[in-house]
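Keep in mind that what you see is a predicted model, and the values were worked out from it rather than measured.
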Amino acid sequence: MNIVVSTLNAKYIHTCLALRYLKAYSEPDYSVQMAEYTIKDPSINIVSDLYTRKPDVLGFSCYIWNIEETIKVIEMYKKISPHTKIVLGGPEVSYDVTHWLDRIPDADFIVVNEGEISFKHLLNEIEGEGRFEKVAGLAWRKNGKPRVNPPREKLDLKTVSSPYRFEEDLAELGKRVTYFETSRGCPYSCAFCLSSIEVGVRYFDIQKVKDDLLFLMDHGAKTIKFVDRTFNIKRDYALEMFQFLIENRRPGVVFQFEITADIMRPEVIDYLNEHAPKGLFRFEIGVQSTNDHVNELVQRRQNFEKLTRTVTTVKNGGKIAQHLDLIAGLPEEDYASFRKTFNDVFAFGVEEVQLGFLKMLRGTGLRLTANQHDYIYMNHSPYEILGNNVLSFDDIVKIKRVEDVLEKYWNDHRMDTTLQYLLYEVFPSPFDFFQEFGDYWEAQGWSRIGHQLEDLFARLKEFLLQRDTKDMAIIESLMKYDYFSRKKHRPHRSWWEESLSKDENDVLHKWLKDHADVVSTDFSAHKLLEKDLVKHTVLDVIPFNLHHYLKTGSFVHEPVLSIVYYNPKTKIPEHYAVSSSQLPAMTV
């Protein structure tokens with residue numbers, strides 16, 4: 001029997017852990033092929049590739065991001081191969097299963113929730129006597145009518161073979177994200193989350209976990225993302241794993257974790273701040289809302305004071321990047337409350353703030369009680385809300401504009417120095433900056449076109465000028481610093497007005513060649529000729545001492561010559577400065 005399990009990932013770099021568990025558990029009794037695609041691949045291309053594999057059983061792992069594209073593939077495939085048994089599984093089809101059997105008539109079976117044992121048992125029955133009523137955790141049709149078998153007991157995780165060691169995965173380990181699991185289940189009951197449905201937390205054997213991690217690192221894995229819903233729920237376990245990863249790390253490997261910040265013990269953070277190399281770990285923290293009443297309504301326990309302590313201590317340690325999640329549209333969180341939530345979280349100054357919108361996922365408590373808050377939402381995935389009793393669709397549209405520019409400017413770190421100044425010195429709050437800029441961005445039609453790096457700087461400048469923003473000379477100088485810092489070579493295209501004429505540049509190039517020691521010993525050590533200065537430097541007169549500002553956050557208002565040298569060997573820009581009092585008279 002030829003068996004293929006498949007999924008459509010969001011991007012090529014992602015991998016589907018579910019397929020690998022099914023393959024690991026089914027073998028050696030059944031040989032299972034894995035086939036992964038992306039949601040951007042044309043359906044006909046996916047169908048064509050699957051058809052070459054000639055499966056007798058074809059399984060699809062289904063999620064909110066791929067279900068609609070998966071349905072198209074199923075419908076097409078069943079037309080050309082009606083004898084192939086189609087099996088669905090995954091969180092998107094594990095709830096409201098009779099709905100899915102009705103909506104996808106070409107699907108023969110749905111494996112509900114945890115699928116390893118049920119899928120293998122189903123293969124036995126397909127190959128054998130077809131007693132599908134014996135397969136616990138299976139939805140199917142009998143005499144054309146949907147039938148849902150009783151659920152299966154939870155899997156003993158210590159009996160599961162490793163899903164991380166398949167030969168076909170090894171060549172791509174360094175290019176893709178490896179998803180890794182040390183536990184299943186979640187101790188919390190947040191009404192908007194599917195993880196809350198499974199009660200209790202089960203752990204894999206810790207020695208097998210460690211062996212698998214060593215295997216992955218030794219075979220080239222670079223990004224390992226732990227999918228445990230709360231990695232730090234057990235203090236001793238988390239500390240042991242952190243210590244193991246620190247002691248056994250390989251060059252270039254990054255580990256990502258979802259943690260619950262308000263239960264993170266201070267001694268664990270202290271250990272990480274002392275022993276973890278910078279960049280080894282990355283934390284994803286679901287804050288969602290800082291409104292206590294909102295959190296109570298969704299059965300979310302959160303101590304914001306303790307969360308603040310954790311996030312702040314980790315940030316001050318300077319070792320671990322943090323990604324904080326927010327959800328717009330939670331019950332009774334209106335526009336003003338969400339603005340406060342956003343600003344509360346942004347005050348931490350972490351590397352990434354992800355702004356998402358509430359999705360009314362099948363099976364969650366919030367979807368079941370949606371009418372209590374007058375929710376309206378999309379009928380199809382991703383089931384995103386369109387409004388409720390306190391948040392109108394107009395409000396949602398406005399917040400989406402915030403999300404758009406937040407991703408482009410803050411999370412992509414294109415101009416950190418400039419944004420720090422704008423967010424806290426120019427605009428009333430970070431949210432107000434992103435909202436006002438997002439509104440202008442949409443009004444110009446920029447959300448419908450592409451953007452190069454230069455465009456993003458030019459559009460921010462245009463926005464600031466049209467609102468008559470004060471101190472534009474300072475802001476533009478900070479923007480140029482950010483822009484120059486992101487380039488590897490001297491930029492030829494400019495979005496700014498040059499502060500020096502060609503003649504002044506010529507004078508300064510000659511002067512710098514002969515007075516390099518005035519700039520600094522490091523600059524002088526390069527022994528640059530005039531032609532090198534012309535080719536590899538950008539000169540700019542700015543109205544304040546940039547180096548002093550970068551170091552202290554305060555301004556010394558004096559004209560300074562900014563020198564950016566693009567080292568052709570290192571490809572790293574070097575920043576220097578000379579006081580205006582030391583420059584040739586014609587350039588002052």
Side-chain angles (χ1 to χ4, degrees), residues 285 287 289-290 304 307-308 311-312 314-316 318 321-326 328 335-356 398-444 446-447 451 453 455-486 495-496 542-544 546 548-555 557:
I285 300 169
V287 180
S289 175
T290 62
F304 190 66
L307 183 149
T308 298
V311 174
T312 302
V314 170
K315 182 179 183 341
N316 291 341
Q322 297 180 93
H323 169 120
L324 271 54
D325 289 330
L326 301 177
Y335 180 85
S337 174
F338 185 76
R339 176 183 180 274
K340 181 180 183 302
T341 284
F342 185 98
N343 287 329
D344 287 342
V345 169
F346 222 89
F348 294 130
V350 298
E351 288 77 7
E352 288 186 18
V353 176
Q354 180 172 318
L355 197 173
K398 289 176 63 178
I399 296 173
K400 281 188 174 293
R401 296 172 188 160
V402 172
E403 177 196 25
D404 190 17
V405 293
L406 174 71
E407 288 297 319
K408 289 180 173 67
Y409 284 86
W410 181 263
N411 289 341
D412 280 352
H413 297 284
R414 289 180 164 112
M415 49 186 83
D416 289 350
T417 307
T418 305
L419 287 187
Q420 285 290 344
Y421 181 78
L422 291 174
L423 298 179
Y424 299 106
E425 302 296 333
V426 177
F427 286 81
S429 77
F431 185 88
D432 293 303
F433 164 75
F434 289 111
Q435 184 68 84
E436 190 177 336
F437 190 18
D439 291 344
Y440 186 79
W441 187 280
E442 179 64 28
Q444 306 311 303
W446 293 338
S447 60
H451 318 282
L453 179 65
D455 299 326
L456 293 170
F457 280 82
R459 285 165 185 162
L460 176 60
K461 181 182 176 182
E462 178 183 324
F463 161 66
L464 295 171
L465 287 173
Q466 65 82 32
R467 65 185 298 277
D468 295 326
T469 305
K470 295 180 180 179
D471 298 321
M472 277 302 297
I474 289 176
I475 296 170
E476 189 168 331
S477 296
L478 296 175
M479 290 176 67
K480 285 187 277 189
Y481 169 76
D482 283 328
Y483 180 76
F484 295 151
S485 298
R486 289 183 62 86
W495 47 265
W496 63 91
I542 63 175
F544 63 97
L546 178 62
H548 180 81
Y549 172 77
L550 295 174
K551 185 176 181 179
T552 68
S554 61
F555 288 99
H557 293 282

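- Between Phe427 and the options Phe433, Phe434, Phe437, a ring-ring contact (aromatic ring centres under 6.0 Å, His included) holds for only Phe433.
- Using a distance-only test at 3.5 Å, with no hydrogens or angles considered, a donor-acceptor pair links the side chain of His451 to the main chain of Trp446.
- Side-chain N or O atoms of Tyr335 include none that pairs as donor or acceptor with a backbone N or O of Ile399 at under 3.5 Å.
- Of the possible donor and acceptor atoms, none in the side chain of Thr469 sits under 3.5 Å from a partner among the backbone N and O of Leu465.
- Judged by distance alone, with hydrogens and angles left aside, the side-chain atoms of Gln435 form a donor-acceptor pair with the main-chain N or O of Lys398 at under 3.5 Å.
- No hydrogens or angles considered: nothing links the side chains of His323 and Glu351 as a donor-acceptor pair under 3.5 Å.
- Panel note: side chain Thr341, backbone Thr290; a donor-acceptor pair is recorded below 3.5 Å.
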(request) Starting from the C-alpha separation in whole Å, work towards a yes-or-no answer on salt bridge (Lys or Arg N to Asp or Glu O under 4.0 Å) for Lys408 and Asp404. (result) CA-CA 7 Å; Lys408 289 180 173 67; Asp404 190 17; 2.4 Å; yes
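- Ring-plane geometry between Tyr440 and Phe463 is classed as tilted, the angle between the planes lying from 30 to 60 degrees on a 0 to 90 degree scale.
- No salt bridge links Asp482 with Arg486; every basic N to acidic carboxylate O contact stays at or beyond 4.0 Å.
- Applying the salt bridge (Lys or Arg N to Asp or Glu O under 4.0 Å) test to Arg467 and every residue at least two apart in sequence or in another chain returns Glu436.
- Without hydrogens or angle criteria, Gln322 side chain to Val311 main chain gives a donor-acceptor distance under 3.5 Å.
- Between Phe346 and the options Tyr424, Trp410, Phe431, a ring-ring contact (aromatic ring centres under 6.0 Å, His included) holds for only Trp410.
- Put simply, the side chain of Asn411 gets close to the backbone of Val353: a donor and an acceptor are under 3.5 Å apart.
- Asp439 is linked by a salt bridge (Lys or Arg N to Asp or Glu O under 4.0 Å) to Arg401, counting only residues two or more places apart in sequence or in another chain.
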